[in-house]
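Heads up: the structure comes next, in structure tokens.
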Amino acid sequence: MNAVEIATSVLSLIAGIGIFLIACTMMSSNLESLGSRKLKALFAKTSKSKLLGVGVGAAATAAIQSSSATTVMVIGFVNAGIMSLMQAATVIFGANIGTTITGQLVALGMFGSGAISTSVIFGALAGAGAFVLAFAKHDRAQKIGGILAGFGMLFVGLSMMSGAMSKFSELDSVRNFLAMFENPFLLVLIGALLTALVQSSSAMTSMAITMTVTGLITLNQGIYITMGSNIGTCVTALIAGLTSTKNAKRTALIHLIFNVAGVAIFMLIGLFLNFGGIDYGFIFSKMLPHTPQLQLAMFHTVFNLATVIAVLPLTNLLVKLVALIIPDKAGQSAATAEPRLVFADEHMLKTPPIAVQQTKREIVNMAQTAVTNFDIACDILCTLNYEKADGFRANEEQLNFVNKHLTRYVARLMKSELSEKDRIYLATTFKTLTDLERIGDYAENIVEYADKLKETNETFSAEAIEEIKSLNMLIRELYSKVMTAYEKRDRSALEEAYRIEDAVDSMSAEMTDRHLRRLSNSAPEVGSLYLSFVTGAERVADHFINVAKTIKAHL
């Protein structure tokens, strides 16, 4: 090979790797977007058994072609409290099985020599997908086109890598250089570092298969590089867990321990085999002769299946171990906990349909916090008992935090690829967040009325207190109908909410009239505070009904 041929081969290799990585991203993002609603339903079933969790993890990863994406989603679910640590562990185990599908596809694409190769046949799907993308009008059709184009590009990139590596395999200097790397530990380290660099174990495994087929490395070298890629892929999950809750950090650590344990087990077995004068390469070449691409792909599958079988019975111990390594802080209660987004997680922004659903759950939770604070405020006003004051203040901080940070979250989410229905829904959330935050403000005002009563050593009459409790109960009923309408987009519940709001208005007017007749028997300031409460409570009802009205935009 002359200098021009070497330069051409290097550039072709870089281009092939680039196309392969873009294809993986393109396939993954479109598959996630198309199937993430079903993925959420799948993940919900993981609590039934450990084996089901493994199956769900494998199916999800095979569907979206990215174990990293599955793991990051799982960390997001754990961070949001949707999935337990035990469930997360089993799904991660399954994700390692699901990721072997890419290696099998790559091996399949490298068959064919005298006839048209499967790589060329599959590569032609890039053109078919591009045609669909160019002319499809519907969002679903465009995503299917993106999947086809990504799948085809996967094999175009693979073909370019294979061609470039074939050229390099003709150079004795290159083969001799790569032959120097025979130490299994060094090969595992190389596989881990390169995978961490490209952020894709599938890409690293595919490159190893291509190098093995073209003769650049031996099958045994490819096997240890592939094992290293299982450790390198943990980097994505570790980064995702750094800024998350303790359970999310534990999930990332489970992923790391599981993958390192699998490599350690197979390294020990490999050392034992070496004493007998054989290695993994020898075993798999005898099992599947004359098909180096299938030999490495099958090792990858066997490696991940065996690791899951070995570690699955120890899941409970693994969960306890990570809990010991990352312990909870002693003495932290709900009242002293830092405010945070409970359901909406940054990592879920990669799967917009799921992020939209979690945004809705966050708002429903915020509404629950708002009505709880309204209840506490009414109780403090009637009893002047401040036992729940700490919880009230923590709730108010949470309401302010969610209003601020969820607004930013939704703004970022709206920049994603969304269905028209999801986009319309998200547009309504800004007003909803403001309405719920205002309910918290009115609850604060009511507690301030109680403070003034306590300062002046005054109380409301027994009749006034009963009226406050009745209005509180009616607004509670309104809240229940509002949230039914909001969560289920239930038009009949919305009509019921309107009816109750009218009842709140009528009761408020009656309370005002009765109180004006009682004014002669109470201090002027006490009377003013009561009227302020009635007005504030009526505003609370208005803000709740505003939340329910938003469903009209997307019925």
Side-chain angles (χ1 to χ4, degrees), residues 21 24-25 28 53-54 57-58 60-61 64-79 83 85-103 184-208 223-267 300-301 303-308 310-312 314-315 318-319 321-323 325-326 345-347 350:
L21 290 173
C24 287
T25 303
S28 179
V54 172
T61 304
I64 64 175
Q65 287 293 292
S66 174
S67 62
S68 295
T70 301
T71 305
V72 168
M73 272 196 283
V74 167
I75 287 173
F77 284 132
V78 172
N79 195 40
M83 189 179 281
L85 207 54
M86 186 71 69
Q87 289 172 285
T90 58
V91 173
I92 286 171
F93 297 166
N96 273 34
I97 296 173
T99 196
T100 63
I101 298 297
T102 306
F185 294 98
L186 181 59
L187 289 166
V188 167
L189 180 62
I190 290 170
L193 291 175
L194 289 176
T195 303
L197 185 65
V198 299
Q199 291 283 291
S200 173
S201 61
S202 295
M204 193 62 241
T205 302
S206 301
M207 287 172 64
I223 283 171
Y224 283 106
I225 288 172
T226 299
M227 279 200 273
S229 73
N230 266 41
I231 296 175
T233 195
C234 296
V235 171
T236 306
L238 290 171
I239 292 170
L242 283 177
T243 57
S244 302
T245 61
K246 286 189 182 295
N247 266 348
K249 289 183 175 71
R250 290 166 182 159
T251 304
L253 185 58
I254 283 173
H255 188 218
L256 178 64
I257 292 173
F258 170 68
N259 283 15
V260 169
V263 172
I265 291 168
F266 270 76
M267 291 283 284
H300 190 216
T301 301
F303 167 73
N304 282 290
L305 273 171
T307 304
V308 171
V311 177
L312 188 60
L314 306 174
T315 307
L318 183 56
V319 170
L321 175 63
V322 295
I325 296 172
I326 306 176
D345 185 85
E346 292 289 318
H347 311 309
K350 294 184 177 181

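Between the CD1 atom in I325 and the CG atom in L321 there is a gap of 4.0 Å [rounded to 0.5 Å]. Expressed to the nearest 0.5 Å, how far CZ of F185 lies from CD1 of I190 amounts to 14.0 Å. Going from atom CD1 of I257 over to atom CG of L314 covers 12.0 Å, rounded to the nearest 0.5 Å. Interatomic distance, L85 CG to I254 CD1, rounded to the nearest 0.5 Å: 4.0 Å. Rounded to the nearest 0.5 angstrom, H300 NE2 and I101 CD1 are separated by 10.5 Å.
Nearest heavy-atom pair across A88 and V74 is CB-CG1, 3.4 Å. Across all their heavy atoms, R250 and I326 have their closest contact at NH2-O, 2.6 Å.
A search for side-chain hydrogen bond (donor to acceptor under 3.5 Å, both in side chains) contacts involving T315 returns nothing, not counting sequence neighbours. Shown here are the side-chain contact (heavy atoms from CB on, under 4.5 Å) partners of L187, two or more places apart in sequence or in another chain: F181, Q221, Y224, I225. Not counting sequence neighbours, the partners of T307 by the side-chain contact (heavy atoms from CB on, under 4.5 Å) test are F258, F266, F303, V311. Among residues two or more places apart in sequence or in another chain, the side-chain hydrogen bond (donor to acceptor under 3.5 Å, both in side chains) test is passed with H255 by none. Taking the side-chain contact (heavy atoms from CB on, under 4.5 Å) definition, one finds that L305 meets it with I97, T301, sequence neighbours left out.
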May I have the list of side-chain donor-acceptor pairs in residues 226-235 shorter than 3.5 Å, sequence neighbours left out?
residue : atom : partner : partner atom : Å
T226    : OG1  : G222    : O            : 2.8
S229    : OG   : T226    : O            : 2.5
N230    : ND2  : N304    : OD1          : 2.9
T233    : OG1  : S68     : OG           : 3.4

